[in-house]
Amino acid sequence: MIRVRFAPSPTGYLHIGGLRTALYNYLFAKQNDGHLILRIEDTDRTRLVDGAIDNLISTLSWSGIEFDEGPHKEGDYGPYTQSERLDIYHKHTIKLIKSGNAYPCFYPKDRLEAIKSKNISSEIVAEYDTRFRDLDIDESIEKMKYENHIVRLKIPSKGSISISDTIRGSIEFDLSLIQDQIILKSDGFPTYHLASVIDDHLMNITHVIRGEEWVASLPKHALLYQAFEWEMPTFVHLPLLLNKDKSKLSKRQGDVAVEDYKLKGFVKDALINYVALLGWHGSDNKEIYDFDELIHSFSIERIKSSGAIFDVKKLIWFNQQYIKNSDSEALLNLINQMVPTEWNLKIEMIDLLKDSVETLNDFKDQLNSFFVYSPIKISADNHLFSDTIYNFLNLLKEALSKQDDINANIFKDLINNIKKEHAISGNIWKPIRIALTGTEHGPDISCYASILGSKTCVNRIQLFLDLNVD
RNA sequence: GGCCCGUUCGUCUAGUGGUUAGGACCCAGGGUUUUCAUCUCUGUAACAGGAGUUCGAUUCUCCUACGGGCUACCA
């Protein structure tokens with residue numbers, strides 16, 4: 001069975017790049033009837049953020065990505081949080097030391113402090129540590145019980161290793177260039193390399209799908225697999241998501257948290273669709289994929305090898321498409337959660353607006369004029385308004401007050417009749433809009449007025465005239 | 001600096017040993033519309049460079065350039 005994992009560290013929010021990694025893992029698992037595992041990589045105790053795990057899970061869940069196993073979902077391979085697996089890492093570390101593939105380096109307190117305070121380069125420290133490389137194994141293990149130590153992986157000083165990546169093919173590394181990697185820190189926690197290799201193996205992970213930033217560590221991981229005499233999973237390194245300047249997508253140059261986009265009124269389907277297409281594309285020109293189509297169409301073979309710039313403009317376009325094609329009822333439910341409870345949203349309002357908004361937040365802005373009105377003071381030099389227009393508005397008000405029920409067509413007829421009867425010409429539609437809504441632009445004013453209802457229209461025109469006509 | 005990865009319109013991308021190199025976003029212009037938007041039509045715009053292989057390379061190989069990632073007791 002295909003088993004893949006998404007393995008974030010709980011350092012805060014869910015990164016857009018993380019969302020894509022999770023998504024690709026999810027799609028791959030789903031289309032193969034496999035399992036997607038959530039594993040929390042919290043081995044850096046200095047970077048833990050409270051609530052990050054819950055946040056991660058709920059954000060992922062909002063996007064439609066659910067896990068088959070994880071800290072929040074029981075499975076046969078737990079625990080799924082690395083800080084709860086310390087004894088496993090320790091046992092395996094001892095195994096590595098015993099087989100001669102790793103060695104502890106001892107750090108008397110003063111040396112530890114010296115290293116920390118003097119800012120010595122890691123190369124120099126590693127160089128110094130090679131003196132521990134060939135210490136007696138049993139003695140070293142005994143010494144670990146009462147002395148400060150770290151453990152390093154013993155990397156062959158010569159030779160090369162070639163590792164296969166599904167997207168990039170075979171990659172060769174010169175081992176002499178790699179320093180003995182620390183796999184167990186002085187606080188007793190493993191580093192990423194050790195923990196992820198052990199967990200991927202123990203959790204029966206078949207495909208490691210992760211970001212390209214990990215390819216440089218590939219030889220270390222491969223060596224670890226060799227040392228344990230374990231079979232390697234298939235590696236799939238995803239191209240990076242980039243800023244406008246082509247550097248790795250990061251905060252600082254815009255929003256990178258999934259939550260930011262949610263807050264800005266992006267719908268999850270649009271985000272997912274857009275992000276899926278950053279690095280993957282089908283063989284045709286299709287761009288709009290719903291979640292099921294994505295599951296069926298996605299393939300690792302068609303993942304690109306080059307990085308992709310995250311372009312909000314295209315995301316906005318996707319968002320527009322999804323909103324306008326959404327069921328109005330569903331939209332209404334979403335929007336209801338965003339607006340003041342006293343706003344009595346009607347489905348007609350959503351129908352009227354959904355073709356033209358870019359984000360859910362635009363709804364909020366545009367809906368506002370249905371519920372909040374204050375007349376605009378027209379300046380004397382505004383050529384849109386004249387006595388004729390004010391008079392016209394007055395007539396319209398009269399006409400509307402005789403109508404209990406209006407619809408868009410009645411509203412239009414009313415206006416055209418008044419125009420004809422009183423021989424009024426010129427642009428009357430814009431003044432009507434301004435009087436009725438307080439804004440210059442917006443959706444079809446006849447529809448707008450009919451949703452507002454004749455009574456409210458009358459009130460608003462009255463307020464407008466009160467303010468602008470002596 | 002070293003190692004590794006990458007390079008088709010501004011962006012996301014399709015594509016092939018012979019194509020007018022296709023689509024989408026963006027941008028510009030036209031049309032529709034009582035406004036804005038929507039919608040619609042049209043347009044601008046790309047194979048990083050150099051060698052080689054070949055009758056023929058955007059496509060295959062090598063080199064260069066450029067970009068990026070990594071180079072932590074971070075992941």
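Just so it is clear, the model here is predicted, and its values are computed rather than measured. In the text below, chain A, chain B and the rest are named by the order of the sequence lines, each starting its count at 1. Reckoned from all heavy atoms, side chains included, excluding hydrogens, waters and symmetry mates.
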If you look at every strand shown and take non-hydrogen atoms under 4.0 Å, does [X] touch a base, only sugar-phosphate, or nothing?
| X | answer |
| --- | --- |
| A/Pro443 | base |
| A/Thr46 | nothing |
| A/Ser306 | sugar-phosphate |
| A/Thr439 | nothing |
| A/Glu172 | sugar-phosphate |
| A/Tyr107 | base |
| A/Gly282 | sugar-phosphate |
| A/Glu440 | base |
| A/Arg47 | base |
| A/Lys244 | nothing |
| A/Ile445 | base |
| A/Asp174 | nothing |

Integer angstrom distance from the [atom1] of [N] to that of [M]:
| N | M | atom1 | answer |
| --- | --- | --- | --- |
| B/A14 | B/U8 | P | 10 Å |
| B/U64 | B/G1 | P | 14 Å |
| B/G68 | B/U32 | C1' | 46 Å |
| B/C63 | B/C5 | P | 12 Å |
| B/G29 | B/C47 | P | 26 Å |
| B/U53 | B/A21 | P | 26 Å |
| B/C9 | B/U58 | C1' | 14 Å |
| B/G10 | B/G67 | C1' | 16 Å |

Looking at [X], does any N or O in its side chain come under 4.0 Å of the phosphate oxygens OP1/OP2 on [N]?
| X | N | answer |
| --- | --- | --- |
| A/Lys314 | B/U13 | no |
| A/Ser122 | B/A72 | yes |
| A/Lys286 | B/A24 | no |
| A/Arg302 | B/A14 | yes |
| A/Lys185 | B/C74 | yes |

So, [X] and [Y]: side-chain donor and acceptor under 3.5 Å apart, yes or no?
| X | Y | answer |
| --- | --- | --- |
| A/Thr359 | A/Lys264 | no |
| A/Tyr89 | A/Asp199 | yes |
| A/Thr437 | A/Ser369 | no |
| A/Ser186 | A/Asn148 | no |
| A/Tyr322 | A/Asp290 | no |

- Output yes when A/Asp44 and A/Arg47 qualify as a salt bridge under the 4.0 Å nitrogen-oxygen rule, no when they do not. yes
By nearest-heavy-atom nucleotide on RNA chain B, the more 5' of A/Val125 and A/Asp311 is A/Asp311
Residue pair A/Gln82/A/Lys220 against RNA chain B: nearer the 5' end by closest nucleotide is A/Lys220
[X] side chain: which of [options] is closest?
| X | options | result |
| --- | --- | --- |
| A/Trp429 | B/U34, B/C12, B/A24 | B/U34 |
| A/Asp44 | B/U11, B/U35, B/A75 | B/A75 |
| A/Ile171 | B/U34, B/C5, B/A72 | B/C5 |
| A/Trp214 | B/A75, B/G23, B/U8 | B/A75 |
| A/Leu278 | B/U34, B/C12, B/A72 | B/C12 |
| A/Asn285 | B/U35, B/G22, B/C74 | B/G22 |
| A/Ile309 | B/U11, B/U38, B/U35 | B/U11 |
| A/Asp355 | B/U38, B/G15, B/A75 | B/U38 |
| A/Glu213 | B/C25, B/G69, B/U35 | B/G69 |
| A/Ser186 | B/C70, B/A24, B/C73 | B/C73 |

Rounded to the nearest Å, what distance is computed from the [atom1] atom of residue [X] to the [atom2] atom of nucleotide [N]?
| X | N | atom1 | atom2 | answer |
| --- | --- | --- | --- | --- |
| A/His281 | B/A24 | NE2 | C1' | 8 Å |
| A/Lys304 | B/C12 | NZ | P | 8 Å |
| A/Phe189 | B/C74 | CZ | P | 11 Å |
| A/Arg433 | B/U33 | CZ | P | 16 Å |
| A/Asn148 | B/C73 | CG | P | 16 Å |
| A/Phe310 | B/U13 | CZ | P | 13 Å |
| A/Asn319 | B/C25 | CG | P | 15 Å |
| A/Tyr322 | B/U38 | OH | P | 19 Å |

Residue set satisfying ring pair (Phe, Tyr, Trp, His ring centres under 6.0 Å) with A/Phe371, at least two apart, ordered chain then number -> A/Trp343
Q) Using 30° and 60° as the class limits, which term best fits the ring planes of A/Phe310 and A/Tyr274: parallel, tilted or perpendicular? A) perpendicular
Watson-Crick or G-U wobble partner for [N], using a 3.5 Å limit on both distances?
| N | value |
| --- | --- |
| B/G1 | B/U71 |
| B/G6 | B/C66 |
| B/U38 | none |
| B/C27 | B/G43 |

Could you tell me if the ring centre of A/Phe67 sits under 6.0 Å from that of A/Tyr80? no
Does A/Lys251 make a cation-pi contact with A/Tyr13, if we ask for NZ or CZ under 6.0 Å from the ring centre and within 45° of the axis?
yes
